[in-house]
Number of protein chains: 2
Amino acid sequence: MEQGRGTQSSRSVPMATSEPGQYEGAERVERSERRVRRGDIRDAIEQDILTGRSRPGEKLDEQALARRFDVSRTPVREALQQLASVGLIELKPNRGAFVREVSIGELIQMFEVMAELEGMAGRLAARRAGEGTIRRIRELLLACETAAASRDTDAYYAENGRFHAAIYEACGNAFLASEASRLHQRLKAYRRLQLRVPKRMEQSLAEHRRIVEAIESGDAALAERELKDHIAIQGERFADFVASLSVRDAAE
Amino acid sequence: MEQGRGTQSSRSVPMATSEPGQYEGAERVERSERRVRRGDIRDAIEQDILTGRSRPGEKLDEQALARRFDVSRTPVREALQQLASVGLIELKPNRGAFVREVSIGELIQMFEVMAELEGMAGRLAARRAGEGTIRRIRELLLACETAAASRDTDAYYAENGRFHAAIYEACGNAFLASEASRLHQRLKAYRRLQLRVPKRMEQSLAEHRRIVEAIESGDAALAERELKDHIAIQGERFADFVASLSVRDAAE
DNA sequence: GTCAAGCCTATTGTATACAAGATATGATCT
DNA sequence: AGATCATATCTTGTATACAATAGGCTTGAC
């Protein structure tokens, strides 16, 4: 009953009729999306966390998730493990999975590291980027400008991500690129928040232009500084934003 | 059957014990290594990889590992997932787990990133380290010197790890500290290799002294440079080392 | 002899069963 | 009545059963 899959298979399960569904009241919306692809579960839970649908500190119930995706607990646990390894949730032994509470101080520290990595990527990109790579970055800058011109924060947010990813790739250090992407992904939700700050999109765009200029001219030190500042500003803006909400702040 | 287990699951100790200790059976090694602690499996496989007992490209057989630790495949798979998330192995869908082949180029890239992070930690440590922290770092430098004096590479290797960890802590950015530790751990095996290079231990020690000096004097830029170079040299030495012994090595 | 197609087997992936830990709940004693 | 211990119940963790897939092997045709 609780596992819709097993019932329709021709084989008979020994004593499968153990107990009638004791939680059948919960909504099971995903009726249509049987056959979830591997990784879908992970992505869905991640999305819930990043969008704030799952609040920090909240417990994630394995059984509920299993029902929601119409799978057993096994793949759900797998997904939870992966999310824990990325740092999005915390697995307390014998207690379960909880959405991680990230303090403001911790976020600022993460932005600080991100700034360093982006700066490094910029420095290397300025030295190593070839003709085609630079053209691609230029294109993405243009896309950012278009999005900004139409005041479309969602589009800007998306193009911005692509812009930075292109720089990671351009640095010629695949490991750095993957580490930077990982952190970028991790800070996604908080980056987005800043776009609400008035004029931030325009400022960001101006910074992007200077970054491209520096990379194009091959000025490694400048590219490093511009990118580092670009991210550092985001960290500060984020801190401002938070401070404006909460008067008391323990941000070291 | 494949799991010669389950029959003798006569775990005594009903629950009358009001002891707070949760792993009472830690030293109780029945048969092989019964009652493995959570995480032991992961550590053991990791150790095999880092020490080279499991060669790059080699396939890790779930069933064999399950037998070896006398557990079912479930916790083994869990351990493999974690190792995959750290990058030590690769999980090919429907194919299994394989020890990741790290090319020399990739390793150099990792050292490059490591150098940046260590440099950052040094810079911040120079600015933020307090009285006690510096004393602690000094102590660890002394321990390195002692180990070096007695030509004990194993001891030096261990003290070196503590020395760097102390600097990570001193930087006042816990996130950076954890990221640096993660990478340090990842490069562990390759770091160790370098100590075989003649005079490397002495050079390393000299570099350590300059690093401590820079941090003590509060010279952030210098501390950053010294640490960065310290790691960069390791990357270069590593490349030299590999180049010197592998004419026949299928590097990449 | 070579190649291809289809079965065979070995191994991964998923579901379910079962065990052990944790929390909630109720009974008993002071 | 309140506290404490015992138990009931729920949840996580692990074992096992089953399903599905990949790769090898056999067989048959050319």
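Chain naming here is simple, since letters A, B, ... match the order of the sequence lines and numbering starts at 1 in each.
Residues of residues 77-91 of chain B that place a heavy atom closer than 4.0 Å to DNA chain D do not occur.
Residues meeting the side-chain hydrogen bond (donor to acceptor under 3.5 Å, both in side chains) test with Arg136(B), sequence neighbours left out: none. Under the ring pair (Phe, Tyr, Trp, His ring centres under 6.0 Å) criterion, Tyr190(A) pairs with Phe238(A), sequence neighbours left out. Listed by chain and number, the residues in a side-chain hydrogen bond (donor to acceptor under 3.5 Å, both in side chains) with Arg55(A) amount to none (sequence neighbours excluded). Partners of Asn94(B) by side chain to side chain contact (heavy atoms under 4.5 Å, CB included), not counting sequence neighbours: none found.
Ile41(B) places its CD1 atom 10 Å from the C1' atom of dT14(D), with the value rounded to the nearest Å. Arg67(A) has its CZ atom 13 Å from the P atom of dC10(D), to the nearest Å. Atoms CZ (Phe69(A)) and C1' (dA15(C)) sit 17 Å apart, rounded to a whole Å. Going from atom CZ of Arg73(A) over to atom C1' of dT16(C) covers 10 Å, rounded to whole Å. Summarising the geometry, the separation between CG on Asp70(B) and P on dG13(D) is reported as 20 Å, rounded to the nearest angstrom.
Applying the salt bridge (charged side-chain N to carboxylate O under 4.0 Å, His left out) definition to pairs two or more places apart or across chains, those involving residues 172-182 of chain B are Glu179(A)-Arg182(B), Arg182(A)-Glu179(B), Glu179(B)-Arg182(B). Applying the salt bridge (charged side-chain N to carboxylate O under 4.0 Å, His left out) test to residues at least two apart or on different chains, the pairs with a partner in residues 92-101 of chain A are Arg100(A)-Glu106(A). Screening residues 168-178 of chain B for side-chain hydrogen bond (donor to acceptor under 3.5 Å, both in side chains) gives Glu112(A)-Asn173(B), Glu118(B)-Tyr168(B), Tyr168(B)-His184(B) as the qualifying pairs, with residues at least two apart or on separate chains.
Remark: Asp70(A) CG to Ile41(A) CD1 distance equals 10.0 Å, nearest 0.5 Å.
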Collect all protein-nucleotide pairs involving nucleotides 6-11 of chain C in which both atoms are nitrogen or oxygen and the distance is under 3.5 Å.
none

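Considering only side-chain N and O atoms, Thr74(B) lies nowhere under 4.0 angstrom from the phosphate OP1 or OP2 of dT14(D).
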